[in-house]
Number of protein chains: 2
Amino acid sequence: MSGFNVGTRLKQLRQSRDLSQRELAKRAGVTNSTISLIEQNSVSPSVSSLKKILDALPVSISEFFAGEELANEQVFYRAEELTEIGDGNLSWRLVGARRPNRSMSLLYEHYPPGADTGEDMLEHAGEEGGVIVAGAIEISVNGDTQVLHQGDAYYFDSRLPHRFRNTGDKECVIVSANTPPSFAEGGATQHH
Amino acid sequence: MSGFNVGTRLKQLRQSRDLSQRELAKRAGVTNSTISLIEQNSVSPSVSSLKKILDALPVSISEFFAGEELANEQVFYRAEELTEIGDGNLSWRLVGARRPNRSMSLLYEHYPPGADTGEDMLEHAGEEGGVIVAGAIEISVNGDTQVLHQGDAYYFDSRLPHRFRNTGDKECVIVSANTPPSFAEGGATQHH
DNA sequence: CATCCTTGTTGAACATCCTTGACAGTATAA
DNA sequence: TTATACTGTCAAGGATGTTCAACAAGGATG
């Protein structure tokens with residue numbers, strides 16, 4: 001339920017700056033334990049704590065929840081190189097996760113029968129669209145629910161509440177894109 | 001030191017949607033007291049609590065910490081509704097062609113054996129990426145040539161010279177996205 | 001080997017957030 | 001007036017986040 005993977009994102013940012021938990025804690029005015037627990041997603045930090053820590057990096061809060069860091073100019077991504085950001089049940093694989101300043105997120109998604117992104121709607125500003133490559137999926141956007149099949153597609157403003165559910169008995173495969181990018185490497189956000 | 005007025009911002013968003021504290025609390029799965037205290041800046045909410053509340057508005061976290069607004073258009077596109085912009089040999093079908101102010105172009109592409117986009121330099125600024133859904137394709141970007149197979153992906157800056165060729169004997173299917181959008185309704189700019 | 005420094009993790013105590021359950025104020029209607 | 005329904009606020013206590021202090025693992029040094 002935590003939603004955004006705060007811990008993984010923070011860990012990435014800290015490590016990319018070559019800081020130890022203790023060093024970052026010192027700069028932020030919190031204890032190393034706090035950072036350890038947050039990075040393990042053992043707690044959901046208060047906004048004030050998180051802000052103290054991000055200020056020490058430094059990274060703005062909105063940047064933390066939206067933007068992406070790191071450097072890379074890789075062009076080709078082998079299937080096994082895609083970054084898995086699913087939750088163990090459904091699978092979302094991100095293309096070019098480490099790419100700096102990506103202007104969009106491209107995802108290769110696999111929904112087993114029964115997979116459900118959950119009702120908690122609305123995660124990111126921007127737009128998203130996708131093409132159903134195999135199987136079928138029930139998509140709800142802003143109260144409108146439809147079942148899309150292979151070859152069908154969707155495109156909507158990501159701020160509208162939305163939900164994806166595989167109500168069939170076969171795996172559903174989708175290739176989707178969203179902009180601005182809303183996924184950080186390594187972190188599963190609940191959502192869609 | 002907080003630097004950011006979480007309470008006031010939340011209050012604005014809630015009131016702009018004409019919700020009472022109790023109504024919002026109910027939707028978010030928290031109590032009205034929580035919202036009251038946050039709006040008065042009497043507490044600094046945990047990220048998880050804040051997220052629950054923002055999900056109910058709905059507003060994304062990054063949006064909350066930055067600021068923006070909303071829109072709405074057609075969401076679902078049946079396979080036969082996609083706009084064909086290919087040349088009769090290879091097929092490119094555009095999702096949401098009529099959508100005004102799209103921030104990206106999403107394409108469902110079919111390359112028959114032998115299909116070739118031709119070398120095409122520096123056509124448009126932006127980025128493009130895709131996932132190979134079926135078959136295989138030879139892609140050249142900035143002098144680097146590779147053959148990608150089902151499940152592989154690519155992502156590059158569109159200003160780099162690039163070329164797509166199906167050198168195999170089976171149809172290749174790709175779902176791709178590019179941003180900013182390089183296809184307008186009614187007319188294909190060349191691209192790829 | 002021991003010693004020292006650093007790393008990240010964890011249990012118990014403490015601080016803060018969050019909920020429960022009230023309260024007062026306003027508005028509408030009988 | 002009384003009743004009902006809504007609004008936002010607040011005190012007390014339970015739930016959760018944070019600190020303190022200890023711990024183990026890994027490297028470097030002697």
Side-chain angles (χ1 to χ4, degrees), chain A residues 1-61 64-65 69-70 118-120 122 184-190, chain B residues 1-62 64-65:
Chain A
M1 251 330 162
S2 88
F4 197 87
N5 192 333
V6 172
T8 307
R9 175 93 172 108
L10 175 59
K11 188 169 188 174
Q12 285 172 357
L13 291 171
R14 176 178 64 80
Q15 290 182 334
S16 74
R17 285 161 176 70
D18 243 328
L19 295 173
S20 69
Q21 292 180 343
R22 280 180 162 83
E23 175 60 26
L24 176 57
K26 184 178 169 188
R27 297 186 189 184
V30 299
T31 62
N32 59 302
S33 312
T34 300
I35 300 197
S36 175
L37 294 172
I38 293 172
E39 287 189 353
Q40 299 172 78
N41 285 316
S42 300
V43 300
S44 178
S46 68
V47 169
S48 58
S49 301
L50 182 60
K51 181 159 194 325
K52 278 195 282 187
I53 294 167
L54 294 183
D55 282 347
L57 279 170
V59 167
S60 77
I61 295 195
F64 179 82
F65 285 108
E69 300 262 332
L70 298 178
E119 281 184 352
D120 79 304
L122 182 39
E185 179 192 12
T189 60
Q190 70 189 126
Chain B
M1 74 176 82
S2 89
F4 193 89
N5 192 331
V6 172
T8 306
R9 173 102 173 103
L10 175 59
K11 188 169 188 174
Q12 285 172 353
L13 290 170
R14 176 178 64 80
Q15 291 181 335
S16 74
R17 284 159 178 72
D18 240 330
L19 295 172
S20 68
Q21 290 181 344
R22 279 181 163 82
E23 176 59 25
L24 176 57
K26 184 179 170 188
R27 298 187 189 185
V30 300
T31 62
N32 59 303
S33 312
T34 300
I35 299 197
S36 174
L37 294 172
I38 293 173
E39 286 188 354
Q40 298 172 79
N41 285 317
S42 299
V43 298
S44 178
S46 69
V47 169
S48 57
S49 301
L50 182 61
K51 182 173 185 313
K52 279 195 283 188
I53 294 166
L54 295 183
D55 282 346
L57 278 172
V59 168
S60 76
I61 296 194
S62 60
F64 179 82
F65 287 107

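Chain naming here is simple, since letters A, B, ... match the order of the sequence lines and numbering starts at 1 in each. Computed from a predicted model, the values in this text were never measured in an experiment.
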Under the side chain to side chain donor-acceptor pair (under 3.5 Å) test, residues paired with [X] that sit two or more places apart:
| X | answer |
| --- | --- |
| B/Q15 | none |
| A/Q21 | A/E39 |
| A/S33 | none |
| B/T31 | B/T34 |

Have a look at A/V43 and say if it touches a base, only the backbone sugar-phosphate, or nothing, with a 4.0 Å heavy-atom cut-off.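 Here A/V43 touches the bases of the nucleic acid.
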Interatomic distance, [X] [atom1] vs [N] [atom2] [rounded to whole Å]:
| X | N | atom1 | atom2 | value |
| --- | --- | --- | --- | --- |
| A/I38 | C/dG8 | CD1 | P | 14 Å |
| B/E39 | D/dG8 | CD | P | 8 Å |
| A/I35 | D/dG17 | CD1 | P | 16 Å |

Excluding sequence neighbours, so at least two apart, what forms side-chain contact (heavy atoms from CB on, under 4.5 Å) with B/L37? B/Q40, B/S42, B/V43
Residues from residues 19-26 of chain A lying under 4.0 Å of DNA chain C - heavy atoms: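 Heavy-atom cutoff 4.0 Å gives A/S20, A/Q21, A/R22.
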Please enumerate all protein N or O atoms sitting under 3.5 Å from an N or O of nucleotides 3-5 of chain C, with distances to 0.1 Å.
none

Where each pair must be Watson-Crick or G-U wobble with both distances under 3.5 Å, what dot-bracket representation of DNA chain D is obtained, with crossing pairs in [ ] and other-strand partners as |? ||||||||||||||||||||||||||||||
Got a sec, which residues hit salt bridge (charged side-chain N to carboxylate O under 4.0 Å, His left out) with A/R22, two or more places apart in sequence or on another chain?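 Here no residue qualifies.
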Which pair of non-hydrogen atoms, one from A/N41 and one from A/G7, has the smallest distance, and what is that distance?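 What the structure gives for the nearest pair is OD1-N, 3.0 Å.
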Close N or O pairs between protein and nucleotides 10-14 of chain D (under 3.5 Å):
{"from": "D/dC10", "atom 1": "OP2", "to": "B/Q40", "atom 2": "OE1", "distance (Å)": "2.8"}
{"from": "D/dC10", "atom 1": "N4", "to": "B/S33", "atom 2": "OG", "distance (Å)": "2.8"}

Under 4.0 Å: is that the gap between some side-chain N or O of B/R14 and OP1 or OP2 of D/dT7? no
Sub-4.5 Å side-chain heavy-atom contact between A/L24 and A/R17: no
